[in-house]
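Computed from a predicted structure; not experimentally measured. Heavy-atom basis, side chains included; hydrogens, waters and symmetry copies ignored.
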There are 2 protein chains.
Amino acid sequence: MKIKNSRLEAIRLILSTKGIGSQEELLNELAREGFKLTQATLSRDLHQLRVVKSVGANGSYSYVLPRSERYRHGGTDGDVLPVSQEIDTTGYRSIRFSENIAVIHTTPSYAGTLAYKIDNCDFPEIIGTIAGDDTIMLVMAEGVNRTAVLRALKTIIPGI
Amino acid sequence: MKIKNSRLEAIRLILSTKGIGSQEELLNELAREGFKLTQATLSRDLHQLRVVKSVGANGSYSYVLPRSERYRHGGTDGDVLPVSQEIDTTGYRSIRFSENIAVIHTTPSYAGTLAYKIDNCDFPEIIGTIAGDDTIMLVMAEGVNRTAVLRALKTIIPGI
DNA sequence: ATAATAAAGGAATAAATATGCAATCATGAA
DNA sequence: TTCATGATTGCATATTTATTCCTTTATTAT
C-alpha cells in the first residue's frame with residue numbers, strides 16, 4: 001500500500017527529529033501531517049518498525065528507532081528490507097540531534113568520506129562538519145530546523 | 001537498601017540470560033529466586049535500569065538492558081552504575097563545558113582510545129564524541145545537565 | 001536515641017499499548 | 001469479470017505498564 005509506506009516514512013522522520021513520549025502524541029504529529037489513523041494501527045506500525053519505548057537520560061520516556069534495523073520503504077512492492085543487508089556506500093548508521101549539533105554515526109572509517117560529501121554539497125542548512133573515524137559532528141545553520149537538515153542529507157544518504 | 005540492589009542485580013542477570021516478554025513473566029522468575037515484589041515495584045526497577053521492551057527478530061517482545069547496564073562480574077555493593085576494568089590508562093587530564101559541548105583533554109595520543117570507550121558505553125547522556133590526538137569533543141544529549149554527564153563518565157574515568 | 005527526611009514498596013487505578021475480530025480494499029488467477 | 005487470497009484498518013477490548021496515594025522502612029542530623 002502506498003499510504004502505509006509513506007506513513008512509515010513520516011513516522012521515521014518524526015521520531016528522528018522530535019522527542020515523542022507516547023503513541024497518542026505521535027498520533028497527533030501524524031494528524032498534523034495529514035495522516036488519519038487510529039492508535040491500533042500505529043501500534044502495529046511501530047511494531048513493524050521495531051520501534052522501542054526507551055528511557056531517556058532525563059528519566060522520561062521516548063520512542064526510538066533501533067539503528068540496527070533501519071528500514072527503507074520500497075518504491076514498488078510493500079516489502080521492506082533492513083538497510084543492514086544492503087550494499088551501503090555511505091556507511092551511514094544513525095543520526096541524533098542536540099541543540100544545533102547533529103551527530104552522525106557511521107561504519108568505522110567511513111565518517112571522513114561521508115563528511116567530505118556533505119561538505120561538498122554546500123547545503124545552506126549546514127555550516128560545517130568534523131569527522132572522526134566513525135562519527136561526524138555537524139553544525140546546523142542558525143534558525144534551521146532538523147527536518148530541513150534531514151531533507152538535505154537525504155539527497156546523499158537515501159536511506160536516512 | 002540491600003534488598004533492592006541485589007534485586008536489580010538479579011534482574012540484570014535474568015535479562016542477560018533469558019528472553020523475557022512481560023513484567024509478569026519477569027516477576028515469576030524473580031519469585032523463583034526468592035524475590036517478593038509487585039508489578040508496580042518491578043516497573044520502577046525497570047525504569048531505573050532503563051530497560052526497554054523491544055521487538056525481537058521473530059516479532060515477539062523481549063526486555064533488554066541498555067549496553068551501559070549489561071551484566072558484568074565484579075562490583076556488588078552500592079550503586080547499579082557499571083564499573084570498568086582498566087586501571088587508569090585513560091590519559092584523562094581535564095574537562096570543560098560550553099553549552100551542550102564538553103571538551104576533554106588527555107595525554108597526547110590517548111584521546112582516541114578514551115573516546116572509543118565512552119562511545120561504547122552508550123550513555124544516554126552523551127550522543128557522540130570526536131577525538132583528535134589529545135582532545136575529545138563530546139556532544140551532550142538535550143536536557144541533560146553536566147552533573148549527569150560527569151556521573152556517567154565517572155564509571156570509566158574514576159578520577160574525574 | 002529521637003525527630004526529621006528521604007527512600008522503598010504495596011494496593012488500586014489510570015494510562016498506555018497490543019490484539020481478536022470483522023469489514024474493506026487491493027491483487028492476481030481462472 | 002468473479003472468486004480467492006492476502007494485506008490493511010477500525011472498533012472494541014484485553015493486556016500490559018506507569019503512576020498516584022499512602023504506609024513502612026531506612027538514613028541523617030540534632
For this session: Indicate, with a heavy-atom threshold strictly under 4.0 Å, whether A:Leu37 touches base, sugar-phosphate, or nothing.
Result: sugar-phosphate

For this session: Would you mind building the protein contact string for nucleotides 16-24 of chain D? One character per nucleotide, 5' to 3', B for base within reach (heavy atoms under 4.0 Å), S for sugar-phosphate only, - for untouched.
Result: SBBBB----

Problem set entry | For atom CD1 of A:Ile20 and atom C1' of C:dT17, their distance in whole Å | 16 Å

For this session: Provide the closest heavy-atom pair for B:Val52 versus A:Val55 in the form atom of the first, atom of the second, distance.
Result: CG1-N, 4.4 Å

Exercise. Can any side-chain N or O of B:Asp134 pair as donor or acceptor with the backbone N or O of B:Ser109 at less than 3.5 Å?
Worked result: no

For this session: Can you tell me the distance, in whole Å, between the CG atom of A:Leu26 and the P atom of C:dA18?
Result: 12 Å

Exercise. Between the main-chain N or O of B:Arg12 and the side-chain N or O of B:Ser16, is there a donor-acceptor pair closer than 3.5 Å?
Worked result: yes

Problem set entry | B:Arg50 side chain vs A:Gly56 backbone, donor-acceptor pair below 3.5 Å | yes

Problem set entry | C:dG9 OP1/OP2 closer than 4.0 Å to side-chain N/O of B:Arg7 | yes

For this session: Starting at atom CG of A:Asn5, determine the distance to atom C1' of C:dA26, rounded to an integer number of angstrom.
Result: 14 Å

Exercise. Just by modelled atom types, is the A:Glu99 backbone N or O under 3.5 Å from a matching donor or acceptor in the B:Glu142 side chain?
Worked result: yes

Exercise. What's the CG-P distance between A:Asn28 and C:dA16, to the nearest Å?
Worked result: 12 Å

For this session: Return each pair, listed once, that meets ring pair (Phe, Tyr, Trp, His ring centres under 6.0 Å) where at least one residue sits in residues 14-44 of chain A; pairs must be two or more places apart or across chains.
Result: none

For this session: For A:Ser98 and B:Met140, indicate whether the former's side chain and the latter's backbone hold a donor-acceptor pair under 3.5 Å.
Result: yes

Problem set entry | Whole-Å gap separating P (C:dA8) and CG (B:Asp45) | 9 Å

For this session: Taking all heavy atoms of A:Thr135 and all of A:Thr106, pick out the closest pair and write down the distance.
Result: N-OG1, 4.3 Å

Problem set entry | Angle of first-five versus last-five pair axes in the helix from C:dA1-D:dT30 to C:dA30-D:dT1, to 10 degrees | 40°

